[in-house]
*Asks:* 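Pasting in a structure now, in structure tokens, and then I'll have a few things to ask.
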Amino acid sequence: VCDASRLSQEERALVLRETAQASVIVLTMVYQDGTAQLNAEQKSCPPVSGVLVLLKSELDAMESEGCSAGLPGSEGSGCKVIFLKLEQRPAWAQQGYRQDRFSKEMLLCILGSAQDVICFKAKDLLCTALQYFGKEISWKQVALCRILDPQIAAWLLDPADTASCFWDLVAKRCKTRAAVKPCAGAREFEQQPNVSGSLLVLYRLMMDLRASLQEQGLWKLFCSVELRLTTVLAVMEIHRIHVDKDALEKTSKILGMKLKQLEQEAHQAAGQQFLVSSSSQLRVVLFEKLRLHERCENKKLPKTVLRQQQSTSEATLMQLQDLHPLPKIILEYRQVHKIKSAYVDGILSCMISPFYNPKWGNTSSAVTGPITSKKPNIQAIPRQSIQIIKKQYVQGKEPEVITIHPRSMFISEEGWTFLAADFSQVELRLLAHLSSDPELLRVFQEPLAAGDVFISLASQWKGLPEGKLKPEDREQAKRIVYSVVYGAGKERLSEILGLTAEQAGQFVDSFLQKYKQVRAFTQKTIQQCQDQGCVVSIMGRRRHLPHILSPDWTLRNQAERQAVNFVVQGSAADLCKMAMIRIFSHIASSPTLTARLIAQIHDELLFEVEDSQVEEFAGVVQTTMESLQHIDCFGVHLKVPLRVMLSSGKSWGSLAELARPRSLPHRL
DNA sequence: CTAGCGTCA
DNA sequence: CTCCTGACGCTAG
């Protein structure tokens with residue numbers, strides 16, 4: 001291993017030349033505590049110290065047969081390992097300027113081209129590289145990089161096996177590994193600080209995974225979707241979203257006051273002081289002091305499983321709330337507390353000054369293929385506002401109703417606007433395509449299909465004109481449709497509809513009668529899953545469902561529903577990923593467009609766009625997304641058009657619908 | 001009905 | 001005292 005900082009000018013120039021010509025480049029980040037990305041999973045990411053680069057000038061002979069693996073040392077002929085120090089130098093330091101430059105130059109040389117690079121957690125590396133580049137280098141300069149990530153490859157091969165660490169993957173996926181080194185020795189090997197050897201193992205692992213992907217016909221999906229997506233996600237992740245911190249802190253305070261107030265009310269109702277948040281203290285008050293359980297012997301109260309104590313769970317409190325004012329207060333306390341901790345303090349705690357950036361993941365145990373957001377989950381921030389009644393202590397003053405709207409805390413930067421693009425009714429459109437149900441196809445192919453399907457269904461269902469419907473009605477219609485097509489039982493549906501099970505059953509029957517081919521599609525999918533053990537999405541993503549042949553009735557039925565659901569939901573995820581990639585590439589290759597993807601909420605893409613570019617970019621987004629009806633390289637030709645709804649605004653909480661820029665009423 | 005994550009009991 | 005699990009909350013179709 002040679003340290004780049006010790007190289008002379010000439011040697012550096014040589015290294016850069018070698019990098020550009022290398023047939024294989026393998027990378028791993030090294031942390032300041034001496035561990036690398038390849039070490040066992042760390043809980044918290046320690047600060048980065050640098051990047052190790054392995055340059056391989058020639059491919060192994062007889063690579064495909066894997067017999068050249070040899071020992072890590074012998075394989076390494078024609079290899080060079082270079083350490084690039086990445087230090088965040090304080091602005092005042094002049095000393096290391098040149099070395100700083102070289103690390104950047106080298107990284108840009110690797111990431112700025114389209115040559116294949118291998119890295120274990122590619123997204124993390126890309127993020128730190130982009131942050132290291134800072135403003136000097138635009139993200140557009142790395143937009144074409146191709147980093148093969150074994151973790152994602154393995155996830156694609158089997159989404160169900162939970163993301164394991166590097167050495168577990170080696171043990172599981174490296175066919176050639178067994179010959180080189182018995183699996184039992186993996187741990188031992190890991191202990192050795194032989195990082196260059198590890199890089200070669202990483203290389204072999206990726207080669208073996210590539211072979212498996214190719215065997216299973218997943219290579220194209222890997223290259224043109226998952227691989228591309230890591231760059232998109234990295235660029236999205238380093239972008240900071242502006243959050244109205246003051247407003248958040250203010251609502252946090254208000255909620256805190258509300259909690260205090262509820263606490264006092266609780267004490268008053270209980271006739272004593274106690275810790276409201278403690279279930280054990282609450283138990284003492286409820287059952288030993290007030291002895292509420294004695295007053296409702298006709299109902300059975302749940303007990304804690306462990307010690308058979310009286311439970312203080314929500315179900316219990318619900319039953320007790322008519323007997324005494326206390327349970328109701330506790331219930332409200334818990335509700336407010338949850339809102340505060342999840343959506344106000346939760347966001348606050350993840351912020352760095354007035355900004356916020358969630359972590360985006362592609363593999364993390366998501367079995368159907370969608371990307372997910374974490375810390376906190378921006379995809380689960382409430383859509384509608386929450387009302388809290390704040391009582392006034394001042395006599396004669398009306399109680400003040402305050403509304404909390406977490407989404408409106410997210411605001412665009414000065415001079416920029418949020419643009420949201422929503423695939424409308426993707427899953428239903430996909431279902432129409434997949435099932436070829438004539439009725440369903442007609443709904444979307446008709447020229448009048450510009451309207452909203454769920455609104456028209458809701459108006460049919462409620463017998464009201466479309467203009468008189470509330471947003472809740474649409475939501476309900478949507479839930480009903482999806483419930484039915486995914487195989488909800490009449491019991492479950494009756495809960496949603498608020499009808500008797502019998503009426504719900506009739507509803508299901510008439511629905512499936514009208515859309516006959518939907519059931520045919522369901523059965524075809526289950527059949528296919530039984531035959532092949534797995535089910536496949538529109539772009540070839542797979543999900544194995546071993547329980548599909550289980551003798552256990554409940555397990556088998558669940559697997560059957562999951563099979564059907566996967567085909568539709570997984571395909572929708574494919575389309576959304578493709579949309580992200582296409583739009584990303586479009587921006588990257590445009591000299592003027594500056595729009596940034598901020599978040600993906602399932603079928604909705606949220607961008608931040610310069611005010612002056614909103615109109616132009618909206619057009620780009622819409623045409624790009626709607627053109628995904630046909631994806632030639634995957635043989636995707638949807639029988640129904642895709643429709644995108646656009647909205648924009650200065651805050652995520654208040655987006656106004658945008659007129660369709662390319663205002664064609666319909667196509668086809 | 002199906003997917004996620006985060007917060008508790 | 002610190003884990004872990006299952007229910008339920010939110011989201012999205």
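The figures here come from the full heavy-atom set of this structure, side chains too, leaving out hydrogens, waters and symmetry mates.
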*Asks:* Who are the side-chain contact (heavy atoms from CB on, under 4.5 Å) partners of A/Gln476, not counting sequence neighbours?
*Replies:* A/Lys462, A/Ile480
*Asks:* Write down the distance between CD (A/Gln600) and C1' (C/dA12), rounded to a whole number of angstrom.
*Replies:* 10 Å
*Asks:* Just compare C/dA12, B/dT7, B/dC1 and give me whichever is closest to any side-chain atom of A/Ile601.
*Replies:* C/dA12
*Asks:* What's the spacing between A/Tyr343 OH and A/Asn377 CG if we round to 0.5 Å?
*Replies:* 9.0 Å
*Asks:* Suppose the criterion is salt bridge (charged side-chain N to carboxylate O under 4.0 Å, His left out): which pairs have a residue in residues 510-530 of chain A, not counting sequence neighbours?
*Replies:* none
*Asks:* Once you apply a heavy-atom cut-off of 4.0 Å, does A/Pro382 come out as touching a base, just sugar-phosphate, or nothing?
*Replies:* sugar-phosphate
*Asks:* Between A/Phe507 and A/Trp461 (judged by ring centroids, cut-off 6.0 Å), do the two rings come close enough to count as a pair?
*Replies:* yes
*Asks:* Could you check which of C/dA12, B/dC1, C/dG13 has an atom nearest any side-chain atom of A/Glu427?
*Replies:* C/dG13
*Asks:* Examine A/Phe521 together with A/Tyr515 and report whether their ring centres are nearer than 6.0 Å.
*Replies:* no
*Asks:* Without decimals, in angstroms, what is the distance between A/Leu430 CG and C/dG13 P?
*Replies:* 13 Å
*Asks:* Return yes if a side-chain donor-acceptor contact under 3.5 Å exists between A/Ser373 and A/Lys359, otherwise no.
*Replies:* no
*Asks:* Ignoring backbone atoms, test whether A/Arg383 places a side-chain nitrogen or oxygen under 4.0 Å from the OP1 or OP2 oxygen of C/dA12.
*Replies:* yes
*Asks:* Which nucleotide wins on minimum distance to the side chain of A/Lys375, given the candidates B/dC5, B/dC1, B/dG6?
*Replies:* B/dG6
*Asks:* Counting primed atoms plus P, OP1 and OP2 as sugar-phosphate and everything else as base, spell out the protein contacts along nucleotides 2-8 of chain C at 4.0 Å heavy-atom distance: B, S or - for each nucleotide, 5' to 3'.
*Replies:* -------
*Asks:* Rounded to whole Å, how long is the line connecting atom CD of A/Glu475 with atom C1' of C/dT11?
*Replies:* 11 Å
*Asks:* Does CE belonging to A/Met351 count more than 12 external heavy atoms closer than 6.0 Å?
*Replies:* yes
*Asks:* Where along residues 566-582 of chain A does a heavy atom fall under 4.0 Å from DNA chain C?
*Replies:* none
*Asks:* Pull out every residue in residues 490-523 of chain A that has a heavy atom closer than 4.0 Å to any atom of DNA chain B, ordered by number, or say none.
*Replies:* A/Arg492
*Asks:* So, is A/His337 near the phosphate of B/dT7, with a side-chain N or O under 4.0 Å from OP1 or OP2?
*Replies:* no
*Asks:* Check the distance between B/dC1's C1' and A/Leu431's CG and give it to me in whole angstrom.
*Replies:* 13 Å
*Asks:* Could you check how far CD of A/Gln335 sits from C1' of B/dA9, rounded to whole Å?
*Replies:* 17 Å
*Asks:* Please say whether more than 12 non-hydrogen atoms of neighbouring residues, nucleotides or ligands are located less than 6.0 Å from NE2 in A/His547.
*Replies:* no
*Asks:* What integer distance in Å separates A/Asp603:CG from B/dG4:C1'?
*Replies:* 14 Å
*Asks:* Over how many whole Å does the gap from A/Lys478 atom NZ to B/dA3 atom C1' extend?
*Replies:* 13 Å
*Asks:* With a 4.0 Å limit, can you tell me whether A/Ser341 has a side-chain N or O closer than that to the phosphate oxygens OP1/OP2 of B/dC8?
*Replies:* yes
*Asks:* Can you list every salt bridge (charged side-chain N to carboxylate O under 4.0 Å, His left out) pair that touches residues 488-510 of chain A, not counting sequence neighbours?
*Replies:* A/Arg492-A/Glu495
*Asks:* Evaluate ring-ring contact (aromatic ring centres under 6.0 Å, His included) for A/Phe410 paired with A/Phe418, printing each intermediate quantity in order.
*Replies:* CA-CA 10 Å; A/Phe410 295 79; A/Phe418 284 148; 8.2 Å; no
*Asks:* With respect to the phosphate group of B/dA9, does any side-chain polar atom (N or O) of A/Arg334 fall under 4.0 Å of OP1 or OP2?
*Replies:* yes
*Asks:* Counting just side-chain N and O atoms, does A/Arg543 come under 4.0 Å of either OP1 or OP2 of B/dA3?
*Replies:* yes
*Asks:* Using the six-membered ring wherever Trp is involved, compare the ring planes of A/His242 and A/Phe355 and label them parallel, tilted or perpendicular (cut-offs 30° and 60°).
*Replies:* perpendicular
*Asks:* Regarding A/Glu226 and A/Lys577, does a basic nitrogen lie under 4.0 Å from an acidic carboxylate oxygen?
*Replies:* yes
*Asks:* Between C/dT11, C/dG13, B/dT7, spot the one nearest the side chain of A/Val426, thanks.
*Replies:* C/dG13
*Asks:* Rounded to whole angstroms, how far apart are CG on A/Leu545 and P on B/dA3?
*Replies:* 9 Å
*Asks:* Nearest to the A/Ala380 side chain among B/dT7, B/dT2, C/dT11, which nucleotide is it?
*Replies:* C/dT11
*Asks:* Any idea which of C/dG13, B/dT7, B/dC5 is nearest the A/Asp422 side chain?
*Replies:* C/dG13
*Asks:* Counting heavy atoms not belonging to A/Arg407, are there more than 12 under 6.0 Å from its CZ?
*Replies:* yes
